[in-house]
Peer 1: 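Attaching a single structure in structure tokens format; questions to follow.
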Amino acid sequence: MHERRAVKVSKYLSRHLRHQPGRIGLTLDEGGWVAIDALIAAAAAHGFRLTRDELAHVVATNDKRRFAIDGTRIRASQGHSVDVDLGLPPATPPPYLYHGTVARNVESIRAEGLRPMNRHDVHLSADRETATRVGARRGRPVVLSVDASAMHRDGHVFHVSANGVWLTKAVPPRYLRFSPGH
Ligand code: HQG
């Protein structure tokens with residue numbers, strides 16, 4: 001499968017499994033799952049032809065393992081804006097987690113901390129490299145460190161998605177460390 005096609009399929013799946021299932025008449029269950037047959041049929045009915053093999057290939061090879069298959073069902077592992085309960089158990093985070101953003105957001109983040117914005121949770125990475133890539137989607141990346149062990153000690157709940165993204169509802173400013181120059 002050509003890389004360009006794989007990216008197109010991945011974006012299509014992200015859009016409909018995270019944000020706008022209703023756009024193609026799909027309904028996700030509580031956990032965010034949908035039958036693979038239903039997804040393929042709904043996509044075809046809305047002009048996007050996708051084979052089972054392509055779907056399996058994208059799920060298996062996706063750079064961030066964004067999607068998970070369970071038997072006959074598929075879901076996005078994280079990143080939703082629609083209301084789903086991924087059913088992830090609370091997890092103990094590593095001492096520090098990282099968040100990639102850009103300079104134009106920093107002043108507001110200093111004042112109010114990290115907020116989930118359109119998504120359910122704030123997304124944090126276990127390593128600086130990943131956070132740098134997340135920030136770089138929007139411009140020159142700025143990486144913030146999060147004192148996750150202090151948050152955890154203070155009762156903030158963390159979850160880790162199937163693809164290793166750390167999720168929490170919000171990060172108050174006192175747990176954030178800004179890199180030099182910001
Ligand atoms: C910023 C992609 C101002 C935040 C990525 C970010 C990730 C604030 C933006 C995943 C703020 C939200 C998530 C505040 C947060 N004031 N700006 N108080 N609090 N922000 O896309 O973390 O490819 O919803 O810094 O790789 O960038 O889709 O979150 O810039 O893993 O699988 O508001 O999405 O993965 O943006 O990215 P997003 P994110 P996928």
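Because only heavy atoms are used, hydrogens play no part in the values below, and waters and symmetry mates are left out as well, while side chains stay in. Counting convention: from 1, in listed order, for ligands and their atoms alike. As the structure is a computational prediction, the values presented were derived from the model and not from experiment.
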Peer 1: Where do Lys169 and His120 come nearest, in terms of heavy atoms and distance?
Peer 2: NZ-O, 2.9 Å
Peer 1: Can you name the closest pair of heavy atoms from Val157 and Thr168 and give their distance?
Peer 2: O-OG1, 2.8 Å
Peer 1: For His19, give me all partners under ring-ring contact (aromatic ring centres under 6.0 Å, His included), at least two apart in sequence or on another chain.
Peer 2: none
Peer 1: Which hydrophobic side chains are connected to Trp33, either touching it within the sub-4.5 Å cutoff or through other members that do?
Peer 2: none
Peer 1: For ligand 1, list the protein residues that place a heavy atom within a distance below 4.0 Å of one of its atoms, sorted by chain and number.
Peer 2: Arg18, Lys64, Arg66, His99, Thr101, Asn105, Ser108, Ile109, Glu112, Gly113, Leu114, Arg115, Met117, Arg119, His123, Val134, Arg137, Arg138
Peer 1: So which residues get pulled into Val143's cluster when ILVMFWY side chains under 4.5 Å apart are joined, directly or through others?
Peer 2: Tyr96, Tyr98
Peer 1: Anything under 30° is parallel, anything over 60° is perpendicular, the rest tilted; go ahead and classify Tyr12 against Phe48.
Peer 2: parallel
